[in-house]
Number of protein chains: 2
Amino acid sequence: MGIVRKTRSVDTILELFEDTDHAFSGVSLIERLRDQMNKTTVYRILDRLEDEGIIHSFQDQKGLTWYAKCQSCASGQHTDLHPHFQCRSCGRTSCLHVKITIPLIRNHQIEGAELLMTGLCDQCT
Amino acid sequence: MGIVRKTRSVDTILELFEDTDHAFSGVSLIERLRDQMNKTTVYRILDRLEDEGIIHSFQDQKGLTWYAKCQSCASGQHTDLHPHFQCRSCGRTSCLHVKITIPLIRNHQIEGAELLMTGLCDQCT
DNA sequence: TTGTTATTGCAACCTTGTTGCTTTAATTAA
DNA sequence: TTAATTAAAGCAACAAGGTTGCAATAACAA
């Protein structure tokens, strides 16, 4: 059994992430769930889901935290290396399921990498 | 003539960035320059230097803003696409002067990309 | 040297996120 | 089914990073 109890709040958040590569910012989730749960609860559930390997988080260029569903991560470690895309016009942010090549750097032991691509999505071009 | 007047404060900050690929976080600059200028001044000078294409900024995984010198950027647009590295042990963060390949994404007009690599630097392995 | 304009300092503020503690809800044991 | 246990939620207060408005000062041009 995992650490995360399946409460009403957890279910509500999990439903949002289901079947989509769309990412949600912490702020947008707090706003969206304002009537259903406290912001502390939102952050704590996101933390727990990330610890369990169910979602992952990343930062955008403004320093905001975004969350999206994991495709193939295990509890405790996130192994699904993929880039994220953020549209500068509409702000929509999502996972891109393409392989990326991380350069080897002499004298550096690389453990992780995060690639954020920005531009215009198909809706906004 | 550029927008940025060469004041004592601007000179102090520019000296830090000279001849190094080392990046500085906003927070660390405020701390370091605490006796010489106000934090508002630090942020405003960083903004102006970035507008002029003299430095560039990026975010780390905690959402902190880092600043480093540009190699080949022009006023108003940053064109020097390169990854950044942050050591998880000592926190040192720097520009990596290697070419990176940005994947083409169908239906997306990619305008920028930011790759942050993390791991251990040579001092910390 | 004076007038003009950019820059600085300061205080107050905003946003995002966290912490401590009490209350409530979910699970387990009886 | 109920009681005991433990995780989760709510709330208020706080913290860090960064921004804003405005008055005071410094830089530059005439």
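Computed from heavy atoms alone, side chains included, the values below leave out hydrogens, waters and symmetry copies. Chain A is the first sequence line, chain B the second, and so forth, proteins listed ahead of strands; every chain is numbered from 1. None of the values given here were measured: they were computed from a predicted structure.
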Selection residues 101-124 of chain B - residue pairs positive for ring-ring contact (aromatic ring centres under 6.0 Å, His included), sequence neighbours left out: A/F85-B/H108
Any B/R5 side-chain nitrogen or oxygen under 4.0 Å from OP1 or OP2 of D/dA29: no
Donor-acceptor contact below 3.5 Å, side chain B/Q86 vs main chain B/M117: no
Side-chain heavy-atom pair B/T20, B/K69 within 4.5 angstrom cut-off: no
Whole angstrom value for the distance that separates C1' of D/dT25 from CG of B/N38: 14 Å
Integer-rounded Å distance: D/dA16 P and B/R34 CZ: 14 Å
Near-strand residues of residues 7-15 of chain A, defined as heavy-atom separation under 4.0 angstrom from DNA chain D: A/T7, A/S9
Between the first and last five pairs of the helix from C/dT1-D/dA30 to C/dA30-D/dT1, the angle of the axes, rounded to 10 degrees: 30°
Check: protein-nucleotides 17-19 of chain C nitrogen or oxygen pairs below 3.5 Å:
{"residue": "C/dG17", "atom": "OP1", "partner": "A/T65", "partner atom": "N", "Å": "3.3"}
{"residue": "C/dG17", "atom": "OP1", "partner": "A/T65", "partner atom": "OG1", "Å": "2.7"}
{"residue": "C/dG17", "atom": "OP2", "partner": "A/Y43", "partner atom": "OH", "Å": "2.8"}
{"residue": "C/dG17", "atom": "O5'", "partner": "A/Y43", "partner atom": "OH", "Å": "3.4"}
{"residue": "C/dG17", "atom": "N7", "partner": "A/K39", "partner atom": "NZ", "Å": "3.0"}
{"residue": "C/dG17", "atom": "O6", "partner": "A/K39", "partner atom": "NZ", "Å": "2.8"}
{"residue": "C/dT19", "atom": "O4", "partner": "A/T40", "partner atom": "OG1", "Å": "3.4"}

Check: A/F24 main-chain N/O paired with A/S28 side-chain donor or acceptor under 3.5 Å: no
Separation of atom NZ in B/K6 from atom P in C/dA6, rounded to whole Å: 17 Å
Side-chain touch A/P83/A/V98, heavy atoms, less than 4.5 angstrom: yes
Same cluster (ILVMFWY, side-chain, under 4.5 Å), A/L115 and A/L81: yes
Pair A/Q71, A/H97: side-chain N/O donor-acceptor within cut-off below 3.5 Å: yes
Donor-acceptor pair, side chain of B/T12 and main chain of B/R8, under 3.5 angstrom: yes
d(CD1, B/I45; C1', D/dT19) in whole Å: 16 Å
Residue list, side-chain contact (heavy atoms from CB on, under 4.5 Å) with B/L46, at least two apart or on another chain: B/I13, B/F17, B/L29, B/V42, B/I55, B/Y67
Pairs where residues 109-119 of chain B contributes a residue and the test salt bridge (Lys or Arg N to Asp or Glu O under 4.0 Å) is met, not counting sequence neighbours: A/R88-B/E111
Between C1' of C/dG9 and CG of B/L33, the distance in whole Å: 15 Å
Distance, rounded to the nearest Å, where A/K62 contributes NZ and D/dG17 contributes C1': 16 Å
Whole-Å gap separating C1' (D/dT6) and CZ (A/R48): 13 Å
Atom-to-atom span, CG of B/L46 to C1' of D/dG17 - whole angstrom: 13 Å
Check: B/T93 side chain, B/G91 main-chain N or O, donor-acceptor pair, under 3.5 Å: yes
